[in-house]
Amino acid sequence: MTTDRVSGSVLVLFALAVMWESRLLPLGTFRQPGPAYIPVLLGILLLVFGVSLVLTGGRAPRLSSVSWTEWRHALAILGTSMFSVIAIERLGYRLTVLLVLGFLVKVVERRGWALSLALAFGLSYGSFFLFYTILRVPLPQGPFGF
Amino acid sequence: MTETLHNLYLGFSVALSPGVLLYAFIGCVIGTLVGVLPGVGPLAGISLLLPVSFGLDATSAIVLLAGIYYGAMYGGSTTSILMRIPGEAASVMTCIDGYAMTRKGRAGPALAIAAVGSYVAGTLSIVALMFLAPPLASFALRFGPPEYFALLLLGLLVLAYMSGGSMLKSLAMAALGLFLGMIGIDPMTGFLRFSYGVIELGDGIGIVPVAVGLFGLSEILLTAGQPTASEVVRPRLRELLPSRAEWRDSFWPIGRGTVLGFLVGIIPGSAHIISSFVSYAVERRLSKHSERFGQGAIEGVAGPESANNSATSGAFVPMLALGVPSGPIPAVMIAAMMVHGIAPGPLLIAHQPELFWGFIASMYVGNLVLLILNLPLIGIFINVLRIPYPLLYPAILIFCVLGVYAVNGSVVDLGIMTAMGALGYMLRKFDFETAPVVLGLVLAPMMEMSFRQSLSMSSGSYGIFVNRPIALAMLIVGLALLLLGVVPFVMKRAAWRQRLGFSAQEKESA
């Protein structure tokens, strides 16, 4: 299995999903396109591109040749990014940033406590002060006043 | 001519007022920093300061944001030359010969030529912008929906043709971007499309979360776990001066890069990235010693660096004269202008002369500020890169989160950024380009609208796209590019991209 064949197959599935979901909207006619017309057209294009990739992707690099050495870091960073989505309006900006930075520097990067705390506190309070207090960008504050 | 000079005088009186000058300076400094930091592109920098710009008057706001944009073009070259890390995507080609020069102990001249080339290209292209935008704007008053549709389609095809990898993949990504742009309310019928009850999606997917996710977050995901301990070379000021031969070798590449960058910049597309690729390929082809490319040829720094700066000004032409965003950054700047009640388009120059000419004049000033800022202060900016990446990337992640959240104050946007980060990571693993996705998203609403309006105008006849000469000409060019992209594919011949610049890049990375 090559990388192009895998990505082509994913594109085909996505294109089919787009077309399936577009059935809920009026398609309109060839001369008078409705809201689903362009999405369906794009779905067809994606399908064509996906099938072409599958057909021509025989000489692409093999799937096993893709290196995933950084997957642990990538997963941790994606996790913290998701955490910030959930937490930023519940815990407030400063506490969220504090936890994100603390986790990444202390747990993921295994740095010392002093450095981790200094960076986490400095950046969360510093950026809040700069953007909220000085530049007046509205940032959320949590229930604990952070 | 006299009128232009008179207008320019008006512009300079705006640009040199202390308030505007200060914002141009702040924009340039932030832009340079943003350009130096890998993973934070000009877009993340602009989105960080977008809410700040709402409180300013329209001219200061646009001057500040433009300062970040071209400041980042200067800053991006620094990391490429010294560390072989492109600070932002347009500097990828500078990495090849710029870093090779650093290894030969010629980092100083490489930085100096990059800064001088950027300055020359920046300044000359503003002259072109100044003379071209007003007549183009009056010409564009003749543009109707079919012409806009043809222009936008041409932009997407140019991007797909010019971008590095396979045209098939680029087109697929452009289609994906266009589809993302379909999400939200259909402006012609009011139907909600693909929003699944999420109120925020009714307004459509924002450009900032998608672009920061695809470019910024995915960059962190890819590089954070890599063992990168490259050493930072700190050039001394007296080592900055290029030799006479180096000046001579850079003269024409800077000139060609300027013209080329500007022309590529005018067409909607990810102008500054493509222009540097094309410029590198052209210089390599024209050089009598093409074997020096990849080994530290100064032409390989001078050309692309001039081209990407020139393209930045070029990209302002469609933005100011037509109201067409030529990429994600002009799109965000158009959004910022709209917040101030200004609609960019053919009438902008006539109705808001102080904004247009003040902006032009501030770009002259900004380029000078950047030249002064960059050469002597390069050592200071480089200190940012001495921070180990394991400590730098958490901070960059926070800037991405802050920038995306600040624009709308919406957690849905943060969710989109995270999803796009994951998507960008996978796409780059599988050798797809992410720029066409963002451009597709940027152009989708305007493209669909002009397509459907055209058909309404012609009572459903598709002939409207070929009966109007301007639209027809643009469609023919687009079709020709598509055929040019398909022919080598069918004939089983290597594409021109492989034969020119990219072979050098592959050799380098091998």
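Below, chain A is the first sequence line, B the second, and so on; all start at residue 1.
Residues B/Ser53 and B/Leu65 come closest through the heavy atom pair OG-CD1, 4.3 Å.
Only the side chain of B/Met417 comes within contact range of chain A, with heavy atoms under 4.5 Å apart. Of the atoms belonging to B/Arg193, heavy atoms from both backbone and side chain fall under 4.5 Å from chain A. With a threshold of 4.5 angstrom between heavy atoms, B/Thr189 approaches chain A through side-chain atoms but not through N, CA, C or O. For B/Met182, the part lying under 4.5 angstrom from a heavy atom of chain A is the side chain only. Looking at B/Ser459, the atoms closer than 4.5 Å to chain A (heavy atoms on both sides) all sit in the backbone: N, CA, C or O. Heavy-atom distances place both the backbone and the side chain of B/Leu176 under 4.5 Å from chain A. Residue contact with chain B, scored on non-hydrogen atoms closer than 4.5 Å, is absent for A/Phe103.
Residues B/Leu423 and B/Met420 meet the side-chain proximity criterion, which asks for heavy atoms closer than 4.5 Å.
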Show which side-chain atoms of residues 395-408 of chain B pair as donor or acceptor with protein atoms under 3.5 Å away, not counting sequence neighbours.
| residue | atom | partner | partner atom | Å |
| --- | --- | --- | --- | --- |
| B/Tyr405 | OH | A/Glu89 | OE2 | 2.8 |
| B/Asn408 | ND2 | B/Asp413 | OD2 | 3.1 |

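Proximity to chain B among residues 62-70 of chain A is limited to A/Leu63, A/Val66, A/Ser67, A/Trp68, A/Thr69, A/Glu70, judged by heavy-atom separations below 4.5 angstrom.
With respect to chain B, the highest number of heavy-atom pairs below 4.5 Å among A/Pro138, A/Gly28, A/Gly34 belongs to A/Gly34.
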